[in-house]
Amino acid sequence: MQKVAAVKVDSFAYNYDDVEKGVQEALSLLGGIDKFINPGDRVLLKPNMLEGSDKDICVTTHPEVVRAVIRAVKRRGALVFVGDSPGYGGTVKAAEKCGILAVCEEEGAQILPFDTGVEVSYPEGHFLKKMTIADVVHKVDKIISLAKMKTHTFMGITGAVKNQFGFVVGPDKAQFHLRMKDMCDFAGMLIDLTEMVKPVLFIVDGIMAMEGNGPRNGQPKETGVILAGANPFAVDAVMAAVMGFEAGLLPVGKRAKEWGYISVLPEVELLGSAKDIRLKFKEPKTFESMDTYFPPWLVGFFQSQFTAKPKASAACIACGRCKAHCPPNAITIAGKRASIDYAKCIRCYCCQELCPANAIELKDGLLLKLFKLSRIKNSRRF
Ligand code: SF4
Ligand code: SF4
């Protein structure tokens, strides 16, 4: 059975001593950092930096969690690097905005920009046999993933497996959304990517998590948990349970189950002071969309009728960021506001994720509203 450590850290202001104690406890439950890292290893820490946001709005992995892991790895005699490919802007800028750059400078860890891609062949892939990912994977010996516990408008939740999407270099991300419009296809790509990159350890910062319309525009949620494990699917299964979701009904968990990976709690050896914490996170607005009610062959056909539509509100500042990152070029800026061509929109919600003004609202169509009211569901969610 795969072990996952769930440790209680209810220091919601991220007092360093409390965070370090929690991280150390989680590592001890897994056998200690020595089990994963050797002296002299070049180790990359991969936090979730999204596009770099104030650490207090809970979009990014908190810098004090990054600091605690940097120190643990350094104590082992390894060389530490930190990096991510944010959805918008460069690695250093994003690290600066979310406070991770300052921590790296104080702790002597070098930021590795994820600027350049390299094609990696992966014949074992279920979905993708090769992929262009950040070339930093060839510059280090080991990778530790430092994800943030959040809801996600496209994937339901984002944790250990979704954090791997940061290995896709910024501008390439949109193409993946375009190629894999179906949630479960996208989840399959994430699983292949996770297996290809193969971090040795997955840690999730769930001290202050995010609920609602994550990964960027939800609300902070006091959760008080640090999760850690060597198996990303087991870690995500536990994370989903803590948040009040069933991993096997979400895209990554569903595809993981089909492909023989762990997706349910009974397959996990759960250890630590937070192992029984179960909360009820607010779902993203997109959670009950048409695929809750219909089989997959109908999903594509009726997508425009039964999924939540993104729409720019009066808060739009016409910055053009959503237009620049919309995979099918469905957005124009008209009359000082973003305007969306719904015939082209693939409902990837990148615009909602990247909007700096939280101006993208997600509106249910009339038919979806009616179905939600009727509560006629079949047993599947995705
Ligand atoms: S919707 Fe957001 S990202 Fe798009 S133009 Fe308006 S403010 Fe910018
Ligand atoms: S308009 Fe928004 S949700 Fe639609 S395809 Fe573009 S980025 Fe994705």
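None of these values were measured; they are calculated from a predicted model. We're numbering straight along the sequence, starting at 1. Counting starts at 1 for both ligands and their atoms, in listed order.
- At a heavy-atom distance under 4.0 Å, no atom of Cys322 approaches ligand 2.
- For atom 4 (Fe) of ligand 2, the closest non-hydrogen atom on the protein side is Cys345 SG, 2.3 Å.
- In terms of protein heavy-atom proximity, atom 5 (S) of ligand 2 is nearest to Ile346 N, 3.3 Å.
- Residue contact check: Ile317 has heavy atoms under 4.0 Å from atoms 6 (Fe), 7 (S) of ligand 1.
- Contacts between Ile360 and ligand 2 below 4.0 angstrom, taking non-hydrogen atoms only, are absent altogether.
- In this structure, the protein non-hydrogen atom closest to atom 6 (Fe) of ligand 2 is Cys326 SG, 2.4 Å.
- Side-chain contact of Asp205 with Tyr14: a donor-acceptor pair under 3.5 Å is present, judged by distance alone.
- Using a 4.0 Å cut-off between a side-chain N of Lys or Arg and a carboxylate O of Asp or Glu, Arg67 and Glu106 qualify as a salt bridge.
- Between Pro356 and ligand 1 there is a heavy-atom distance shorter than 4.0 Å.
- Remark: Lys150 does not engage Glu353 in a salt bridge, criterion side-chain N to carboxylate O under 4.0 Å.
- Phe176 has its ring centre no less than 6.0 Å from the ring centre of Phe186.
- The protein heavy-atom contact nearest to atom 8 (Fe) of ligand 2 is Cys348 SG, 2.4 Å.
- Close contacts between ligand 1 and Gly320 involve ligand atoms 5 (S), 8 (Fe) [criterion: under 4.0 Å to a heavy atom].
- The nearest protein atom to atom 7 (S) of ligand 2, hydrogens excluded, is given as Cys351 N, 3.5 Å; this is a heavy-atom distance.
- Counting the atoms of ligand 1 from 1 in the order shown, those under 4.0 Å from a heavy atom of Ile333 are 5 (S).
- Judged by distance alone, the side chain of Arg278 and the main-chain N or O of Lys275 form a donor-acceptor pair under 3.5 Å.
- Under 4.0 Å from ligand 1, not a single heavy atom of Ile331 appears.
- What sits closest to atom 2 (Fe) of ligand 1 on the protein, heavy atoms only, is Cys355 SG, 2.4 Å.
- Under a 4.0 Å N-O distance rule, the pair Glu25/Lys21 does not qualify as a salt bridge.
- Salt-bridge formation is not detected for the pair Asp141/Arg42: no Lys NZ or Arg NE/NH1/NH2 atom is positioned less than 4.0 Å from an Asp or Glu carboxylate oxygen.
- By the 4.5 Å heavy-atom criterion applied to side chains, Leu250 and Met155 are not counted as neighbours.
- Less than 4.0 angstrom separates some heavy atom of Cys316 from each of these atoms of ligand 1: 1 (S), 5 (S), 6 (Fe), 7 (S).
- With a 6.0 Å cutoff to the six-membered ring centre and a 45° limit on the axis angle, Lys139 does not count as a cation-pi contact of Phe81.
- Looking at atom 3 (S) of ligand 2, its nearest protein heavy atom turns out to be Tyr349 N, 3.2 Å.
- Shown in contact with Pro310 at under 4.0 Å from a heavy atom are these atoms of ligand 2, numbered in order with element: 3 (S).
- Within the 4.5 Å cutoff, the side chain of Ile144 has heavy atoms near those of the Val200 side chain.
- Of all atoms in ligand 2, listed by their number and element, those nearer than 4.0 Å to a heavy atom of Pro328 are 5 (S).
- A cation-pi arrangement is absent between Lys142 and Phe36, since the terminal nitrogen or guanidinium carbon is not both under 6.0 Å from the aromatic centre and inside a 45° cone about the axis.
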